[in-house]
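Note that the structure is a prediction, hence the values are computed from the model and not measured. Each ligand, and each atom within it, is numbered from 1 in the order the structure gives.
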Amino acid sequence: MTIGILKEPKEESRVALLPEAVKTLLSWNAQVIIETDAGLLAFANNESYKAVGATIKSRMEVLAEADMICSIQPISQEEISKMKPEAILLGQMGALFNPELTKFLLKEKRTAFSMELVPRTTRAQSMDVLSSMATVTGYKSVLLAASSLPRFFPMFMTAAGSITPAKVLILGAGVAGLQAIATAKRLGASVFAFDVRQAAKEEVLSLGAKFVDVEGAKEDKGAGGYAVEQSAEFIQKQKDTIHEYAAKSDVIITTAQIPGRKAPLLVEERTVLAMKPGSVIIDLAASSGGNCALTQADQTVEINGVKIIGVGNIASELPQDASKMYGKNYLNFLKLIIKDGEINLNFEDDIVKGTCVCHNGEAVNSRISEMLT
Ligand code: NAD
């Protein structure tokens, strides 16, 4: 079996598998072909892939020869048509939000797996790219905030006077939020955090941050640890509390998401206008609508001296470790579908079934078939 690794589009610096992960694949008796310069932006050159035993080929050769194509970003329909009919496509296709691509894959009777569909269960944790990339995003968002802020993060007592620590407010203490809290604490900021899940409170406190309580949040034990949509009354109470804290904050990092829905609007325009000039808002929910009313996805806007950064693919800005984590997640998933160097798909396995977009012209995953009806 031959596994092909593609070079990502130019705005993406990560690569699906670094040489160290390719070495593991080769030890499973697979052949690995790499598109020329696929790992260059993640600091893995062609020589480093060759050194572990992979072969470098052109994009067209990789597409035409591989039995499985691995990428991060989705590839075009035209390129999918160049793959062998039975070859498997593996990537992060955003299949639930990309019906056009999903319908094409079904029509072409392709077999495709999309990593963001990996069930968020304990057994699947080691394959969960959403969690690994949220870790990168949470960390990097704090560095971005620190470099955009016209103030220090830590406290200083110097001969030139004392500097008070920056106040950082984190909205949403899930995987990205907790990493942002930990990073902001390491930089010496005074950190406050908020989440609708009570389970998050203990985690926030264990990182040494203060938890902002707003009573009356709705929770659902059946939501698999995720937040559920809140009532209009609760959201208003929440916006008022955030308004009060925002005026005292130097940085707000927003990470609040509800799976499959538009991100909740938590920071209103009046709240931005009440913030101190020089303050920074980093909106990590920008691509799903934003947690701040004035966020523009993939752009930085400045209002009354307050910078609002609508963060896009920030994980791509830490390409070496992000690719390393991505590759580890990939290998753990590939272990489920490769046996003795050959592809072996067992749809009785909830992870294989849950991650599959389609196989033999059918949507294997119920979330995909629901999305298409
Ligand atoms: P996410 O990206 O969907 O959401 C980020 C955070 O926003 C969550 O903590 C959520 O509670 C919060 N949020 C949503 N609406 C909000 C609102 N109105 N106000 C404030 N906060 C709001 O979630 P995530 O970070 O991917 O994961 C959340 C939790 O899911 C984790 O902390 C963990 O408990 C669980 N999880 C489990 C697994 C696993 O078992 N494999 C994997 C990932 C996550």
Side-chain angles (χ1 to χ4, degrees), residues 92 94 96-97 115-139 141 169-182 192-207 209 211-243 245-246 252-268 271 281-293 311 314-315 325 328-329 332-333 350-351 354-355 367:
Q92 193 174 339
L96 289 171
F97 301 96
M115 291 303 281
E116 80 283 355
L117 297 176
V118 165
R120 300 191 94 176
T121 56
T122 305
R123 187 168 79 94
Q125 243 166 4
S126 64
M127 307 161 209
D128 185 354
V129 294
L130 294 183
S131 286
S132 350
M133 294 307 112
T135 299
V136 177
T137 300
Y139 165 80
S141 67
L169 176 64
I170 314 267
L171 303 179
V175 184
L178 290 173
Q179 190 53 239
I181 293 170
F192 297 80
F194 172 72
D195 201 296
V196 283
R197 294 177 301 111
Q198 270 304 305
K201 181 172 181 174
E202 209 175 302
E203 292 168 321
V204 167
L205 296 177
S206 74
L207 289 170
F211 191 78
V212 180
D213 262 313
V214 178
E215 279 179 13
K218 210 170 22 173
E219 291 207 46
D220 179 359
K221 289 209 163 53
Y226 285 111
V228 291
E229 215 156 18
Q230 302 296 320
S231 68
E233 190 193 344
F234 176 82
I235 292 274
Q236 195 48 55
K237 212 156 66 162
Q238 198 182 352
K239 283 176 180 168
D240 292 341
T241 310
I242 290 166
H243 182 80
Y245 275 81
I252 302 183
I253 297 178
T254 75
T255 78
Q257 308 252 25
I258 298 156
R261 300 196 180 242
K262 191 172 178 295
L265 185 60
L266 303 176
V267 183
E268 297 175 294
T271 304
I281 299 175
I282 309 274
D283 195 338
L284 296 183
S287 59
S288 49
N291 292 141
C292 171
V311 165
I314 198 176
M325 293 169 93
K328 195 75 191 165
N329 292 145
N332 287 326
F333 178 72
D350 64 318
I351 301 177
T355 309
R367 290 162 77 196

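Side-chain atoms of K201 never come within 3.5 Å of backbone atoms of F211 as a donor-acceptor pair (strictly under, hydrogens ignored). Of the possible polar contacts, one joining the T255 side chain to the L171 backbone as a donor-acceptor pair under 3.5 Å is found. Side-chain N or O atoms of N329 include one that pairs as donor or acceptor with a backbone N or O of S126 at under 3.5 Å.
Those atoms of ligand 1 that come under 4.0 Å of a heavy atom in S131, given as number and element, are 42 (C), 43 (C). The atoms of ligand 1 that sit less than 4.0 Å from any heavy atom of A173 are 9 (O). Of all the atoms in ligand 1, the ones that sit under 4.0 Å from a non-hydrogen atom of L266 are 18 (N), 19 (N). The F194 neighbourhood of ligand 1 comprises atoms 19 (N), 20 (C), with distances under 4.0 Å to a heavy atom of that residue.
Other residues, nucleotides and ligands place more than 12 heavy atoms under 6.0 Å from the CZ atom of R123. When the shell of 6.0 Å around NZ of K328 is examined, it contains 12 or fewer heavy atoms from other residues, nucleotides or ligands. Within a 6.0 Å sphere centred on OH of Y139, other residues, nucleotides and ligands contribute 12 heavy atoms or fewer.
Remark: ligand 1 and R197 share an N or O pair separated by less than 3.5 Å (distance only, no angle test). Here's the thing with E203: none of its N/O atoms is less than 3.5 angstrom from an N/O atom of ligand 1.
Comparing G174, A217, A285 by heavy-atom distance to atom 6 (C) of ligand 1, the nearest is G174. Taking only non-hydrogen atoms, the option from I258, V175, T135, T122 nearest to atom 25 (O) of ligand 1 is V175. For atom 10 (C) of ligand 1, the nearest non-hydrogen atom from the set D195, L130, T255 belongs to D195.
By the 4.0 Å heavy-atom criterion, Q238 is counted among the residues contacting ligand 1. Heavy-atom separations between P264 and ligand 1 include at least one value shorter than 4.0 Å.
The side chain of D128, and not its backbone, has at least one atom closer than 4.0 Å to an atom of ligand 1 (non-hydrogen atoms only; side chain from C-beta on). By the criterion of a heavy-atom distance under 4.0 Å, both the backbone and the side chain of A256 are placed next to ligand 1. Neither the backbone nor the side chain of A200 comes within contact range of ligand 1; no heavy atom lies under 4.0 Å. For L171, no heavy-atom contact with ligand 1 is shorter than 4.0 Å.
Looking at heavy atoms from C-beta onward, P264 lies out of side-chain contact with Q230 at the 4.5 angstrom threshold.
Partners of Q125 by side chain to side chain donor-acceptor pair (under 3.5 Å), not counting sequence neighbours: none found. Listed by chain and residue number, nothing satisfies the side chain to side chain donor-acceptor pair (under 3.5 Å) test with K218 (two or more places apart in sequence, or in another chain).
The line from CD of E268 to CD1 of I235 is 10.5 Å long, rounded to the nearest 0.5 Å.
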